[in-house]
Amino acid sequence: MEEDAGVGSIEIREEQPSALDAYARVPIAFEVASRLVMKEVPALGGLSMSEEIVTPPWIKDYDVDSFGPMVWPAHFDLSTWGIFTAWTNGEHVGGAAVAWGSTDVAMLEGRTDLADLWDLRVHPDSRSRGVGTALFRAAELWSQARGARLLKVETQSINVPACRFYSRVGCTLGGINRFAYPSFPDETQLIWYKQLSQSASRADA
């Protein structure tokens with residue numbers, strides 16, 4: 001699968017779990033320059049959300065703070081996962097992993113009509129050039145082909161660029177959990193969903 005990145009074509013390759021060593025070499029760290037702040041609205045029994053500048057900015061690295069790609073095989077059966085890499089001009093610039101059909105992934109809720117975009121990463125030098133969109137599109141098509149009706153994505157209130165990206169590619173914010181991360185009490189879990197077309201034929205499971 002190839003797409004025009006404006007600065008060269010983006011090639012998306014489907015990989016095997018054995019490629020995770022190379023996959024993990026693309027950094028996922030980003031600068032936290034702002035965050036989304038949730039405030040209770042007692043009269044409505046709900047929450048309001050606003051963006052707040054973070055001073056000074058700091059670096060968040062999911063590979064350090066949570067399960068990086070190299071430990072996935074020790075915790076999950078990856079045999080039904082979709083793993084993708086993105087390439088531009090022969091350089092490995094991104095990757096995405098989709099969990100589906102895995103009974104050991106709580107985010108899937110035991111459903112086969114739901115896929116989870118477990119990981120999406122783009123090299124800092126290639127961000128905002130269409131690589132993330134190409135990887136997201138590949139994840140959508142792969143999930144559709146397996147009969148998924150929804151693509152689920154988890155991010156956090158400190159990852160404002162990711163929230164903007166998921167909104168831009170058609171996702172809807174469907175879940176807010178302020179108490180999901182005991183080790184990171186200042187981070188709120190945000191769950192996004194993308195409704196998938198069923199026009200793609202179902203692949204063999």
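In this structure, the side chain of Lys152 engages the main chain of Met107 through a donor-acceptor pair within 3.5 Å. In this structure a side-chain-to-backbone donor-acceptor pair under 3.5 Å is missing from Trp81 to Ala97. In this structure a side-chain-to-backbone donor-acceptor pair under 3.5 Å is missing from Tyr166 to Glu154. Counting only distance, with no hydrogens or angles, the side chain of Arg164 and the backbone of Val160 share no donor-acceptor pair below 3.5 Å. Checking side-chain atoms of Arg121 against main-chain N and O of Pro27 turns up no donor-acceptor pair under 3.5 Å. Here the side chain of Arg127 pairs a donor or acceptor atom with the backbone of Val122 at under 3.5 angstrom. A distance-only check finds a donor-acceptor pair linking the side chain of Lys194 to the backbone of Val169 [under 3.5 Å]. Using modelled atom types, one side-chain atom of Ser143 and one backbone atom of Ala139 make a donor-acceptor pair closer than 3.5 Å.
Rounding to the nearest 0.5 Å places CD of Gln156 at 9.5 Å from OG1 of Thr188.
When all heavy atoms of Leu120 and Leu135 are compared, the pair lying nearest together is CD1-CB, 3.5 Å. Nearest heavy atom pair, residue Asp77 against residue Asp104, reads N-OD2, 2.8 Å. Heavy atoms only, all atoms of each residue included: Tyr181 and Thr155 are closest at OH-O, 4.0 Å. When all heavy atoms of Ile28 and Asp119 are compared, the closest pair comes out as CD1-OD1, 3.5 Å. Ala180 approaches Gln189 most closely through the heavy-atom pair CB-CB, 3.6 Å. Among all heavy-atom pairs drawn from Leu190 and Leu36, the shortest one is CD1-CD1, 4.1 Å.
In summary, the aromatic rings of Tyr62 and Phe67 are positioned with their centroids too far apart to meet the 6.0 Å limit. For Trp192 and Phe165, the distance between ring centers is not under 6.0 angstrom.
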Starting from the C-alpha separation in whole Å, work towards a yes-or-no answer on side-chain contact (heavy atoms from CB on, under 4.5 Å) for Leu114 and Glu109. CA-CA 8 Å; Leu114 179 66; Glu109 306 169 30; 3.8 Å; yes
Just do the side-chain contact (heavy atoms from CB on, under 4.5 Å) check on Tyr193 and Leu151 with the steps written out, would you? CA-CA 6 Å; Tyr193 294 89; Leu151 183 61; over 6 Å; no
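Proximity of Trp142 to Phe84: side-chain heavy atoms (C-beta onward) are separated by under 4.5 Å at one or more points. Side-chain contact check for Leu47 versus Val41: every heavy-atom pair is 4.5 Å or farther apart. For the pair Val131/His123, no side-chain contact is recorded, criterion being any heavy-atom separation below 4.5 Å from C-beta on. Thr88 places none of its side-chain heavy atoms less than 4.5 Å from the side chain of Ser126. No side-chain heavy atom of Asp116 sits less than 4.5 Å from a side-chain heavy atom of Trp100. Between Trp118 and Val98 there is no side-chain heavy-atom pair separated by less than 4.5 Å. Inter-residue side-chain proximity for Arg111 and Leu150 is flagged as met; some heavy-atom pair is nearer than 4.5 Å.
With respect to Lys60 and Glu187, a salt bridge is recorded, a charged nitrogen being found less than 4.0 Å from a carboxylate O. Of the charged side-chain nitrogens involved, none lies within less than 4.0 Å of a carboxylate oxygen, so that Lys39 and Glu52 do not count as a salt-bridged pair.
Residue-environment remark: CD (Glu51) exceeds the threshold of 12 foreign heavy atoms within 6.0 Å.
For the side-chain hydrogen bond (donor to acceptor under 3.5 Å, both in side chains) test with Thr85, the passing option among Glu15, Glu14, Glu11, Arg13 is Glu15; the others fail.
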